[in-house]
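Notes follow once the structure below has been shown.
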Protein chains: 2
Amino acid sequence: MNRVTAPRPQLPDGRSTRWNKHREERRLELLRAVRHVVHEEGPEVSMDTIAQQTGTSKTVFYRYFGDRNGLQDAVGEWAMSVIARKLADAYRAPGTEEDTAESGTGPATTAEPSRERLRAMIRAYAELGARSPAVYAFAARSDVVGPHQLRPGSFYEGVAELLLGAVDLDGLDPAGQRQWAAGAMGFVRGCMDEWLAGRDAAGGGTRGEHEARQLADRIAGWLWRTRNVTEEAHGPEEHR
Amino acid sequence: MNRVTAPRPQLPDGRSTRWNKHREERRLELLRAVRHVVHEEGPEVSMDTIAQQTGTSKTVFYRYFGDRNGLQDAVGEWAMSVIARKLADAYRAPGTEEDTAESGTGPATTAEPSRERLRAMIRAYAELGARSPAVYAFAARSDVVGPHQLRPGSFYEGVAELLLGAVDLDGLDPAGQRQWAAGAMGFVRGCMDEWLAGRDAAGGGTRGEHEARQLADRIAGWLWRTRNVTEEAHGPEEHR
DNA sequence: TCACGATACTGACAGTATCATGTACTGTCA
DNA sequence: TGACAGTACATGATACTGTCAGTATCGTGA
């Protein structure tokens, strides 16, 4: 309908607008560079070091990201986009993952797309962490504390939201759904951190990625069991 | 015969040892004061403010705790001790919790002490967070990052270890047990953070504690389901 | 008119060094 | 036995260093 630009009183100055696409490109470029630097230097790099290693100056980063937290959040959004992409794949092809290897045994009902998506997400998450612990830590580490509480970093919140959308949690009130998502996110986080902390002696690289996958599947299995029963329905016949 | 004090080359100098008990008392006193200040000022108080509000000077804290992290860890250990105490109660009296209300009905085997302990721990944890989010955040927030990875703070590690001891996880390899504990800890953490972040409008205080209890029970229920099946044994009879 | 890059600055904060003070203990000498 | 000098340690205060996030300013260039 209204594709007119009329309601905008001052028409955009070409001297201003010409930067718009450039800005976007530049931003991505910076982000890429930051990821590289963080990967090399660890998640605690100072802004000065980032600027220096990038070959540019600190002001640029502050102009583009406002804040150190803004930068971390930006990297976090990138990470989320990676996860979201894999998730989208899982939406598209419910049981086509290459390595399931047990798909032949059970009945067709085992395919459970929701479960498949949960697993895909956690796999993506774990691969991310395995590939570059530093970048993962950098992105995840924007745990700004408010005046009194400790807010989860926006990365975690974002992933939790993805989770909320991906796994179907019918039979749970909305608050419960949010809690479950946050908890599941925390579970994954906890496992990842423990796993990352525990592999100093072990060689990283490809072998790490395989292990990450196993870890992810295990986590997904655990979390899946969590879900799918309504609430207090486990009843007395649980044992034998 | 030999009432000589000879065997001790240098007998402990009273001028040194006389401080030992004083130091301990003082440490506890400082810790108490810190908890109070943190409760008032939030988890991000500067060391200067802590010293000032405590009526003493910064150097004292550095002498006693070495580090800001040391201080946070100390508060964390205090918090852990609170949890551990409740856990010990649960060990002692398996089904004697005041509100279970179903203890009379079933056979003794329904009491599942492991599950009871899990619940007791999570309740203690949640109560802690509900009572003073700031102190909780302060204690939990000692997330030192190593050179590259992000280690979970020692508070979380400690609670995970408690969890590992409290819940029986037979049928899981040791690595898996550690992962599960870390994950469960993370689950609780995630839920707590979400819950704390989401109650700005809601009044705190006693009502908060009741809600905290409900939350804890819910979490315990979820986590319990996670456990107790060996690995891939969830099988077909899961439903009805 | 806007982005860019550089330099230099501010302010906050963790952590340290130093000093003067107080006090219970120890060994020695009267 | 008691007084006294000296010791070992905690205390609190002040002032310092170093690091780092964030800002202000300037000249350049399209």
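Naming convention: chains lettered A, B, ... in sequence-line order (proteins, then strands); numbering from 1 in each chain.
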Atom-to-atom span, [atom1] of [X] to [atom2] of [N] - whole angstrom:
{"X": "B:Lys58", "N": "C:dA14", "atom1": "NZ", "atom2": "C1'", "answer": "6 Å"}
{"X": "B:Asp48", "N": "D:dG12", "atom1": "CG", "atom2": "P", "answer": "16 Å"}
{"X": "A:Arg63", "N": "D:dA24", "atom1": "CZ", "atom2": "P", "answer": "12 Å"}
{"X": "A:Tyr62", "N": "D:dC20", "atom1": "OH", "atom2": "P", "answer": "11 Å"}
{"X": "B:Phe61", "N": "D:dA13", "atom1": "CZ", "atom2": "C1'", "answer": "15 Å"}
{"X": "B:Lys21", "N": "C:dC25", "atom1": "NZ", "atom2": "C1'", "answer": "12 Å"}
{"X": "B:Gln52", "N": "D:dT14", "atom1": "CD", "atom2": "C1'", "answer": "14 Å"}

Reckon [X] has a side-chain N or O less than 4.0 Å from the OP1 or OP2 of [N]?
{"X": "B:Thr59", "N": "D:dG12", "result": "no"}
{"X": "B:Thr56", "N": "D:dG12", "result": "yes"}
{"X": "A:Tyr64", "N": "C:dC4", "result": "yes"}

*Quick one: on DNA chain C, does A:Arg26 or B:Gly66 contact a more 5' nucleotide (nearest heavy atom)?*
A:Arg26
_At 4.0 Å (heavy atoms only), tell me whether A:Ser57 reaches a base, stays on the sugar-phosphate, or touches nothing._
base
Looking just at side-chain N and O atoms, do [X] and [Y] make a donor-acceptor pair shorter than 3.5 Å?
{"X": "B:Arg218", "Y": "B:Gln214", "value": "no"}
{"X": "B:Thr54", "Y": "B:Thr56", "value": "no"}
{"X": "B:Tyr64", "Y": "B:Arg26", "value": "no"}

_Contact summary for B:Ala220 and B:Leu118, nearest pair of heavy atoms_ = O-CD2, 3.8 Å
*From the options C:dC2, D:dA21, D:dT11, select the nucleotide whose nearest atom is closest to the side chain of A:Arg23.*
C:dC2
*Out of D:dA21, D:dA13, C:dG15, which nucleotide sits closest to the side chain of B:Asp67?*
C:dG15
*asked:* Could you identify the nucleotide paired to C:dC29, looking across every strand shown and requiring Watson-Crick or G-U wobble geometry with both distances under 3.5 Å?
replied: D:dG2
*Steps toward side-chain contact (heavy atoms from CB on, under 4.5 Å) verdict (A:Phe138, A:Arg35)*: CA-CA 9 Å; A:Phe138 184 81; A:Arg35 271 184 275 135; over 6 Å; no
